[in-house]
There are 2 protein chains.
Amino acid sequence: MTLDFTKLDGLVAAVTVDHVSGRLLMVGFMNEEAWRKTVESGFVTFYSRTRNKLWMKGESSGHKLVVKEIRTDCDQDALVITVEALGPGVCHEGYESCFFKRLDGGAWQVVDQPAYDPKVVYGG
Amino acid sequence: MTLDFTKLDGLVAAVTVDHVSGRLLMVGFMNEEAWRKTVESGFVTFYSRTRNKLWMKGESSGHKLVVKEIRTDCDQDALVITVEALGPGVCHEGYESCFFKRLDGGAWQVVDQPAYDPKVVYGG
């Protein structure tokens, strides 16, 4: 289960996809420790580039991502992880997917409906 | 159509998804120039980290990726681009998707069937 962490300064991109809808939920990054922890725990664990630490997705919100299938690409420097999302959405802004903005006429437009109230989950 | 290129040393991750099947095809990276070129040309253009240059996907194989929809995430540091793939597959190893290997019993196993012969397209 080797991966190539050299191309991105110790990280690989990890894309999560919903196991039922096939919808792309979020893109995160893993270092080798986060990758090992994801496989061992069965919960998607990223490396937070802004906080410089491991980050099990959902550790504060409870919206964890249960690993169903893991794929890698030809170069073994990216991952697609099919997941069961615990909770209504993965995005801290209240949406099912972090990709709720679409390019329309040269500007980003919010095109999804909120799935939950982030103030209730994360505090106001 | 602003993006945050600061978190990844001038790059954003760009995930391409097939417009009919919804299948995740490949993950690449774009710098600001590649991003602008993608929007202006309507063909997915990456920044090659190994070759340090812009790379319109399919420029040698003809297997270009026609942009159908572009989404960004909450942080505006990643893209999901829905595409029409010209040609049988995006992977230079002959597969429809670059993600043709699955983690099974702690090892990567090829689980997809080849979609074309890469020797015919790229030379032997």
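Just so we're on the same page: letters track the sequence lines, and every chain starts at 1. Worth saying up front: this structure is predicted, and the values here are computed from it rather than measured.
- Grouping the Ile, Leu, Val, Met, Phe, Trp and Tyr side chains by contacts below 4.5 angstrom, directly or via other members, places Leu65(A) with Trp55(A).
- Annotation: side chain of Val15(B) is not in contact with side chain of Phe99(A) (no heavy-atom distance under 4.5 Å).
- By the neighbour-count criterion of 12 heavy atoms within 6.0 Å, atom CD of Gln113(A) is sparsely surrounded, having that number or fewer from other residues, nucleotides or ligands.
- Note: the hydrophobic cluster containing Val12(A) also contains Ile70(A) (ILVMFWY, side chain heavy atoms under 4.5 Å, direct or indirect links).
- With rounding to the nearest 0.5 Å, the separation of CZ in Arg71(A) from CG in Asp104(B) is 9.5 Å.
- Note: Gly106(A) leads Ala13(A), Ser97(A), Gly106(A) in heavy-atom pairs under 4.5 Å with chain B.
- Note: the hydrophobic cluster containing Met26(B) does not contain Phe43(B) (ILVMFWY, side chain heavy atoms under 4.5 Å, direct or indirect links).
- Side chains of Arg102(A) and Thr82(B) form no contact here, defined as non-hydrogen atoms less than 4.5 Å apart.
- Within 6.0 Å of NZ in Lys37(A) there are 12 or fewer heavy atoms belonging to other residues, nucleotides or ligands.
- Cluster annotation: Val66(A) and Val90(A) are assigned to distinct hydrophobic clusters (Ile/Leu/Val/Met/Phe/Trp/Tyr, side-chain heavy-atom contacts under 4.5 Å, transitive).
- Taking chain B as the reference chain and counting heavy-atom pairs below 4.5 Å, the highest number among Val80(A), Val110(A), Thr72(A) is found for Thr72(A).
- Only the side chain of Leu24(B) comes within contact range of chain A, with heavy atoms under 4.5 Å apart.
- Looking at Cys74(A), both its backbone and its side chain come within 4.5 Å of chain B, counting heavy atoms on both sides.
- Considering every non-hydrogen atom in both Trp108(A) and Gln76(B), the closest pair reads CD1-NE2, 3.7 Å.
- Side-chain contact check for Asp73(B) versus Tyr95(A): every heavy-atom pair is 4.5 Å or farther apart.
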Next on the checklist: Test salt bridge (Lys or Arg N to Asp or Glu O under 4.0 Å) on Arg49(B) and Asp77(A); report intermediate values, then the result.
Outcome noted: CA-CA 12 Å; Arg49(B) 295 170 295 164; Asp77(A) 63 359; 3.4 Å; yes

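- Put simply, Met56(B) and Val83(B) are part of two different groups of oily side chains (I, L, V, M, F, W, Y) that touch within less than 4.5 Å, one to the next.
- Residues Glu69(B) and Val111(A) fail the side-chain proximity criterion, which asks for heavy atoms closer than 4.5 Å.
- Here Lys7(B) is the residue among Arg23(B), Lys7(B), Glu93(B), His92(B) with the most heavy-atom pairs under 4.5 Å with chain A.
- Between Val27(B) and Val27(A), every side-chain heavy-atom pair lies at or beyond the 4.5 Å cut-off.
- Among the candidates Asp9(A), Leu79(A), Val17(A), the residue making the largest number of heavy-atom pairs closer than 4.5 Å to chain B is Leu79(A).
- Both the backbone and the side chain of Ala78(B) come within contact range of chain A, judged by heavy atoms closer than 4.5 Å.
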